[in-house]
Chemist: 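Below is one structure. I have some questions about it.
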2 protein chains.
Amino acid sequence: MVTGDSNYIKTMNRKLVLEDIIRSRSISRVDISKRTGLNKATVSSQVNELIDQSLVIEKPVENYAQPGRRPIILELDPMSTYSIGIDIDRSHIRIMLINLKGMTIYNNIHDFDIRHTDTLAELLPTLLEPVISQYNEVYRPNQLVGIGISLHGIVNAELELLYSPPQQLDLKPLLSELEERFEVPVHIDNNANMSVRAEQSFTAYETNLYSMTLSSGIGLGILLNNEVFHGFSGYAGEVGHMIIKQDGIECRCGNRGCFERYASDEVLTRSLADAGISLIEFPTYESLKADEKAKAIFEDYISFITVGLNNIINVFNPKKLVINSTIFSKYPELLDELKPGLTSSFIDYGDILISPLGTQSSALGAALVPLAKFLDINHFDLNAYHIAH
Amino acid sequence: MVTGDSNYIKTMNRKLVLEDIIRSRSISRVDISKRTGLNKATVSSQVNELIDQSLVIEKPVENYAQPGRRPIILELDPMSTYSIGIDIDRSHIRIMLINLKGMTIYNNIHDFDIRHTDTLAELLPTLLEPVISQYNEVYRPNQLVGIGISLHGIVNAELELLYSPPQQLDLKPLLSELEERFEVPVHIDNNANMSVRAEQSFTAYETNLYSMTLSSGIGLGILLNNEVFHGFSGYAGEVGHMIIKQDGIECRCGNRGCFERYASDEVLTRSLADAGISLIEFPTYESLKADEKAKAIFEDYISFITVGLNNIINVFNPKKLVINSTIFSKYPELLDELKPGLTSSFIDYGDILISPLGTQSSALGAALVPLAKFLDINHFDLNAYHIAH
DNA sequence: TAATATTAGTTTATCTAACAAACCAAAACG
DNA sequence: CGTTTTGGTTTGTTAGATAAACTAATATTA
């Protein structure tokens, strides 16, 4: 059992200090003391350890008009370490590298067929090897802190991937292959769960945050108390299989009327194709609404999305919820169409946002996991950096 | 901001010790040390403070066959304090008193009409006065630690009760009246939220637990990390207004197809009445199934409950979920009828239980809140006591 | 320009609570 | 009746936070 001793409070206060430096981007020792409530001496000793560990660097401040000794500005050292995030969707593998400040330093896509998932333990090292050896030279030698992998499917408690039940894949060989080859920890999770971490860090910092990903299926990443909520065996947030229409359309999961049979991008794309419509014809939402057939299809789509969102909001009463969808990114006006449907007297929410991260969110989130583990922090508020770059 | 210092670890370890004494029912200092990992000396000093505070008493152990000095058994002192829980439903007020060990020492029901909710600030003190003065004599003087009140409706962030929107009631006068009169803290929450606390303490101890209450409406009490999850403004868990049938029956909330329009006890009772059936005729589930009309109504009911449960399980992937319903208590076989419908390949759960606490759960949960606050502990595992009594 | 005010950060002494190890207490056993 | 065994206390040490005193550095001002 975790007990309280001097070591515990040391670690706890280290987290407070480091998290505050990350959140503030640039901050002096005294300001950390004021903001956290920790004594100046405590902050100093913690900061000096962080500097010894090469995580934080000191910078002189210029153009400082106040009287008194000038503060020494503290920042994360972006050249100290980097992390890798990999997103494997049904047709691509995206590999991203980010530095300690969360800035993307490499971002590349490879073609891949999801049906060959069992070849990943061979393929991934080949793709990673040149990238890692290149960046290990730029950064201090061997400063890769870990690899995060985002997978489209449920990662259950036994580390099996259920990508299209009953198909399943044992992920342990992939993990050990990568861990042995690159001598770093490898973390694996579902894409919706990886995404919500990225949304917290880059889009909207909230202790509790929800991110609904609409792609082939529909997943909800749930962040509670700065931690991804997995449920007891990894199945939490599979909202694509929430029933919104009893006795509705049959679904591969065995039930009828599942949310994703009505509101996934796949279903929308098929409806449009059946009507002989391609979205390339409609650069704006206005142009789309001018087309009667397209308008009707989108009205249906919105009505289904609204039902699903209503249910999610009903359960979680979210302060903020992020929608990650190529359709919503293309036509942000959809959000305004949808909101009037979310006015039941038993639901309430703060704000619904469209993700600015798009298809990169799950790889970004995957890259954040090893960084957070390495720094030993709970939350990772990089919004300040993101705005700046 | 909460920082780590000596006071913090003291409180933290106090919680560990006290929680372990509660969970174990009877335990020696050495065993606490072994189970928590705390040093023997630390446990001794913490325990001695708990004894000074009259929360814990020492008992000699008898019939101890081992060699060596006999352990001193530590237990909660049931005569040290008591707590009051009040449940206000649409037609009754239940008042319960429990002692430090969670044992019920008073349990009474008064008639009450929900339409007179605004008179509560006058009525409740009159009902409580004689009970409190009686028990203050039995216990050490003035050892009431607080009052918890369970209300059927949403308690929002502004401490307003939304019992049948748009009807709402400002709860602040009720709170201050009771706090001034009895000089103890008063805690207010929704009945589903109060219930899930009771289920954790008495039915099934889990760090994350879910309790679905089927009465006039349908509510889900959500316990995450030993804390009731309220969402950002108190609306979390209002699953009665989850849409399970798009364009379904109209609901008072403004939407159509809400779960509670199909699966609440109220709806079931009406369907039965319309068919000229009374459940008194059917003492057993077998007898009910022999009646064609009743059987058909219950098959419908089960199918709706299954859809709602499917969605809840889908989102939370619960280890344990408790159903609190008079119908399920009367016909526990309903659970077996329902489970085959919860087999989608995207959901998984540990166990679904029928609450043994019945209509007392929300008052019990309400009484637990002041106790937990008073003892300053996070969880309250009284299952051991409950089995014993 | 030198004294003063002001702010940043460090040093020093103190304190709290956990811990390890030595110790005392009390029982069974042979 | 000593030995063994286990429960619980006492003692000395340690880590880390804190308050307060101190040093450092810079703008202001007389």
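Note that these values count all heavy atoms, side chains included, but never hydrogens, waters or copies made by symmetry.
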Chemist: Atom CD of Glu58(A) to atom P of dA25(D): distance rounded to whole Å?
Modeler: 13 Å
Chemist: Would you say Asn317(A) and Ser233(B) are linked by a side-chain donor-acceptor pair, where the criterion is simply a distance under 3.5 Å?
Modeler: yes
Chemist: Within this structure, what is the CD1-to-C1' distance between Ile72(B) and dG8(D), rounded to whole angstrom?
Modeler: 7 Å
Chemist: Report the relative orientation of the aromatic rings in Phe316(B) and Tyr210(B); use parallel for angles under 30°, tilted for 30 to 60°, perpendicular for over 60°.
Modeler: tilted
Chemist: List the atom of Glu179(B), the atom of Val184(B), and the distance in Å for their closest heavy-atom pair.
Modeler: CG-O, 3.3 Å
Chemist: What is the distance, to the nearest angstrom, from the CD atom on Gln66(B) to the P atom on dA25(C)?
Modeler: 22 Å
Chemist: With respect to Val17(B), which candidate in Val47(B), Ile22(B), Ile27(B) satisfies the side chain to side chain contact (heavy atoms under 4.5 Å, CB included) definition?
Modeler: Val47(B)
Chemist: What are the two closest non-hydrogen atoms of Asn136(A) and Leu144(A), and how far apart are they?
Modeler: OD1-N, 4.0 Å
Chemist: Check side-chain hydrogen bond (donor to acceptor under 3.5 Å, both in side chains) between Arg14(A) and all other residues, then give those that pass, not counting sequence neighbours.
Modeler: Gln53(A)
Chemist: Specify the separation, in whole Å, of atom CZ of Arg35(A) and atom C1' of dA8(C).
Modeler: 17 Å
Chemist: DNA chain D in dot-bracket, Watson-Crick or G-U pairs under 3.5 Å, [ ] crossing, | other strand?
Modeler: ||||||||||||||||||||||||||||||
Chemist: Grab the two heavy atoms, one from Leu100(A) and one from Leu76(A), that are nearest each other, plus how far apart they are.
Modeler: O-CD1, 3.5 Å
Chemist: Do any of residues 42-49 of chain A sit with a heavy atom less than 4.0 Å from DNA chain D, and if so which?
Modeler: Thr42(A), Gln46(A)
Chemist: Whole angstrom is fine here: how far is it from CD1 in Ile27(A) over to C1' in dG9(C)?
Modeler: 15 Å
Chemist: Thr3(A) side chain N/O closer than 4.0 Å to the phosphate oxygens (OP1, OP2) of dA18(C)?
Modeler: no
Chemist: So if I take residues 4-17 of chain B and measure heavy-atom distances to DNA chain D, which residues fall below 4.0 Å?
Modeler: Gly4(B), Asp5(B)
Chemist: Write down the distance between CG (Asp31(A)) and C1' (dT7(C)), rounded to a whole number of angstrom.
Modeler: 11 Å
Chemist: Output the rounded distance in Å from NZ (Lys34(B)) to C1' (dC19(C)).
Modeler: 18 Å
Chemist: Return the orientation label for the His379(A) and Tyr205(A) ring planes: parallel under 30°, perpendicular over 60°, tilted otherwise.
Modeler: tilted
Chemist: Which nucleotides of nucleotides 19-24 of chain D have their base under 4.0 Å from a protein heavy atom (B), which only their sugar-phosphate (S), and which neither (-), written as one string 5' to 3'?
Modeler: B----B
Chemist: Answer with yes or no whether the side chains of Thr81(A) and Gln143(A) bring together a donor and an acceptor at under 3.5 Å.
Modeler: no
Chemist: Which atoms form the tightest heavy-atom contact between Ile73(B) and Ser26(B), and what is the distance?
Modeler: CG2-CB, 3.7 Å
Chemist: Does Arg70(B) place a side-chain N or O at less than 4.0 Å from the phosphate oxygens OP1/OP2 of dA28(C)?
Modeler: yes
Chemist: Could you state the atom-to-atom distance from CG of Leu38(A) to P of dG9(C) in whole Å?
Modeler: 15 Å
Chemist: I need the minimum non-hydrogen distance between Phe380(A) and Ser201(A), along with the two atoms involved.
Modeler: O-OG, 2.7 Å
Chemist: So do the side chains of Ser24(A) and Arg35(A) get within less than 4.5 Å of each other, counting heavy atoms only?
Modeler: yes
Chemist: Please list all pairs meeting side chain to side chain donor-acceptor pair (under 3.5 Å) that have one or both residues in residues 39-48 of chain B, counting only residues at least two apart or in different chains.
Modeler: Arg29(B)-Asn48(B)
Chemist: Please determine whether side chain to side chain contact (heavy atoms under 4.5 Å, CB included) holds for the pair Ile21(B) and Leu55(B), giving the CA-CA distance in whole Å, both sets of side-chain angles, and the decisive distance to 0.1 Å.
Modeler: CA-CA 11 Å; Ile21(B) 294 172; Leu55(B) 298 176; over 6 Å; no
